[in-house]
Amino acid sequence: MTLSPPRVSRTVYPRKVPSIAFAIGGLTSFIIFASLLLFSHPLGSSLTDYLYGTETTQQHLEFHHSTIDTSDPIPSPKALDPNDKETNSGKSTNHISVTQDSVEKAECDLFHGNWFYDPVGPLYTNNSCPLLTQMQNCQGNGRPDKGYENWRWKPSQCDLPRFDAKKFLELMRGKTLAFIGDSVARNQMESMMCLLWQVETPVNRGNRKMQRWYFRSSSVMIARMWSSWLVHQFNEPFSFAPQGVTKLKLDQPDERIMEALPKFDVVVLSSGHWFAKQSVYILNEEIVGGQLWWPDKSKPAKVSNVEAFGISVETILKAVAKHQDYKGLTILRTWSPDHYEGGAWNTGGSCTGKEEPLSPGKLVKNGFTEVMYEQQARGFQRAVADENRSKKMKLMDITEAFGYRHDGHPGPYRSPDPKKITKRGPDGQPPPQDCLHWCMPGPVDTWNEMVLEIIRRDVEGGGK
């Protein structure tokens, strides 16, 4: 809202001194009031909301993060059941305060805010994007509601602009953005492609090793590499771990990432969910633990899957920072929360019937999500503390905000099969469903609005 200057009277006869003094005093009072108002509510916030309240203009859900001292011990992973959930009575998830470049001091924090309903809706539909994994095509698979597509993220102290494909391509002119990670990273890459596809049809230049899409107008490349754990993995026998079980060298990065890194200008890293799968953990050439695999029950493992995740994050980030031929921007997207209620994905967990974000005070805390987030953030902290601070690393903290979006998953609408089961059975058991990945269009598009804003700040800030 623009503040108009006070209208000056244009009477043709001269004013008396008391009248002039009164006018000057009134003008001075107005300026002081306006200054105080702008000071307490900067231009990044809505002056209309301040004067009239937000309830009259938009639905909104607001929450705030809290921080914990990084010297506090992490709860023992053994004491936490991954499916143990408790109601959060108004308290937000404990988030670690990350000081190095995760949030720029001079810039608005993108990750504290609220979800609001935007009647304008998404920038694309499931019919206007040909590059969309069928399992995330919720409308094409028969999901009856569409409201989940309209909720947008609003940082508390500024606006997160709607994604501008032309601006993105201009900022990235001649450069390559790579998404590296698991199927949730693919989910984000496909969202980016759907957003960009609305202004230009790209050329497919991918191969078996890497998906690559080229935009001719700006020479921009969008790439995706699959790396489930972001560290070195192999299946050959090692020590007492037999052939066939996946082994992870937690202190060695995925060599394929290291080989491809010089080709990239911006990298978005994400991982974590594969640490729930069977694997063997190796550190300093010694087996130190395993997930769903540990042959000697009488001998405790040294490293849990949660701790292994934190080590892997630190390993890949340090390796990226030390790479002599990579000078780009690295964005670590934090843990993407799932919403399996009443069990895990394979034990009756469900997100059926969720049609809008959770309300304030209704956030359901998930012990496994919390410790995975904490380990990831600490891995980031350790990496940036040890490495050259001229390396550009950003933490894109989406975990708590997306904890509210239980409505954004495919649920039982995973395929176009008209005979699929979408309701609970007579015994109350829910049908098979996906409460991990995100519908498209849907909440996942917000991640790429954040990526665009982080890139904009980096480019316009001279890469500082």
Side-chain angles (χ1 to χ4, degrees), residues 120-134 136-137 139-140 149 160-227 256-270 320 323 325-331 333 392 394 396 438 440-442 444-463:
V120 174
L123 293 172
Y124 66 94
T125 71
N126 61 303
N127 294 319
S128 67
C129 179
L131 188 70
L132 202 166
T133 297
Q134 189 61 46
Q136 277 84 69
N137 185 356
Q139 291 300 305
E149 297 181 346
L160 178 62
R162 185 179 286 270
F163 190 88
D164 185 334
K166 292 181 179 179
K167 183 171 186 176
F168 174 89
L169 292 173
E170 185 57 38
L171 287 171
M172 287 292 296
R173 180 174 293 277
K175 298 178 180 179
T176 297
L177 166 65
F179 294 94
I180 303 177
D182 54 23
S183 58
V184 184
R186 180 193 65 210
N187 203 170
Q188 184 177 2
M189 184 277 287
E190 290 183 355
S191 162
M192 175 66 79
M193 292 301 302
C194 287
L195 291 164
L196 297 176
W197 213 293
Q198 306 312 301
V199 299
E200 182 179 346
T201 301
V203 179
N204 187 349
R205 292 190 176 177
N207 52 42
R208 291 183 179 180
K209 293 183 179 180
M210 188 188 311
Q211 283 184 284
R212 296 191 306 164
W213 296 91
Y214 182 70
F215 292 84
R216 285 198 180 99
S217 67
S218 54
S219 299
V220 169
M221 187 83 77
I222 304 296
R224 184 182 76 88
M225 286 188 66
W226 179 276
S227 182
R256 297 170 302 148
I257 299 176
M258 294 298 102
E259 180 182 349
L261 207 54
K263 303 174 185 176
F264 306 143
D265 300 283
V266 179
V267 170
V268 180
L269 294 170
S270 57
V320 169
H323 202 297
D325 298 320
Y326 174 69
K327 309 298 181 184
L329 170 65
T330 304
I331 301 171
R333 176 183 51 72
K392 297 180 291 184
K394 312 291 181 184
M396 195 173 97
W438 302 93
M440 293 174 52
V444 68
D445 300 319
T446 300
W447 294 355
N448 291 315
E449 291 179 339
M450 291 177 175
V451 166
L452 172 55
E453 179 62 13
I454 292 171
I455 292 172
R456 183 196 67 77
R457 293 179 180 185
D458 180 71
V459 172
E460 295 181 0

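Keep in mind the model is a prediction, meaning the values are calculated, not measured.
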Task: Within-4.5 Å side-chain heavy-atom neighbours: Phe179 and Ile222 - done: yes
Open item on the list: Quick one: does any side-chain atom of Arg212 pair with a main-chain N or O of Arg205 as donor and acceptor, under 3.5 Å?
Closed with: yes
Open item on the list: Salt bridge check, Glu453 against Arg456: does any charged N sit closer than 4.0 Å to a carboxylate O?
Closed with: yes
Task: Min side-chain heavy-atom separation Ile331-Ile454 under 4.5 Å - done: yes
TODO: Kindly indicate whether the side chain of Met193, heavy atoms from C-beta on, has any atom under 4.5 Å from the side chain of Leu132.
DONE: no
Task: Where at least one partner belongs to residues 191-202, residue pairs that pass side-chain hydrogen bond (donor to acceptor under 3.5 Å, both in side chains), sequence neighbours excluded - done: Ser128-Gln198, Ser191-Asp445, Ser191-Asn448, Glu200-Ser217
Open item on the list: Using modelled atom types and a 3.5 Å cut-off, is there a donor and acceptor pairing between side-chain atoms of His323 and backbone atoms of Pro262?
Closed with: no
Open item on the list: Measuring from atom NZ of Lys392 to atom NZ of Lys327, what distance do you get when rounded to the nearest 0.5 angstrom?
Closed with: 11.0 Å
- [ ] Scan side-chain atoms only and decide if Ser270 and Gln188 contain a donor-acceptor pair under the 3.5 Å cut-off.
- [x] no
Task: Pairwise distance OG(Ser183) to CE(Met189) - rounded to 0.5 angstrom - done: 12.0 Å
TODO: Flag the pair Ile180 / Arg224 as yes when at least one side-chain heavy-atom distance between them is below 4.5 Å, and no otherwise.
DONE: no
TODO: Can you measure from CE (Met172) to CG (Leu196) and round to the nearest 0.5 angstrom?
DONE: 10.0 Å
- [ ] Measure the SG-OH distance between Cys194 and Tyr124 for me, rounded to the nearest 0.5 Å.
- [x] 4.5 Å
Open item on the list: When you compare the side chain of Val199 with that of Leu169, does any pair of heavy atoms fall below 4.5 Å?
Closed with: yes
TODO: Not counting sequence neighbours, list each pair that qualifies as a salt bridge (charged side-chain N to carboxylate O under 4.0 Å, His left out) and has a residue in residues 163-182.
DONE: Glu170-Arg173
Open item on the list: Parallel, tilted or perpendicular: which one describes the rings of Trp447 and Trp438, with boundaries at 30° and 60°?
Closed with: perpendicular
- [ ] Would you give the length of the straight line joining atom OG1 of Thr176 to atom CH2 of Trp213, rounded to the nearest 0.5 angstrom?
- [x] 15.0 Å
- [ ] Report the distance from atom CG of Asp458 to atom CG of Leu171, rounding to the nearest 0.5 Å.
- [x] 10.0 Å
Task: Donor-acceptor under 3.5 Å (Tyr326 side chain, Leu329 main chain) - done: yes
Open item on the list: So, using side chain to side chain contact (heavy atoms under 4.5 Å, CB included) as the criterion, who are the partners of Asn207 when residues are at least two apart?
Closed with: Lys209, Met210
TODO: Verify, without hydrogens or angle tests, whether Asn126 (side chain) and Asn137 (backbone) share a donor-acceptor contact under 3.5 angstrom.
DONE: no
Task: Expected output: side-chain Arg256 to main-chain Trp226 donor-acceptor under 3.5 Å - done: yes
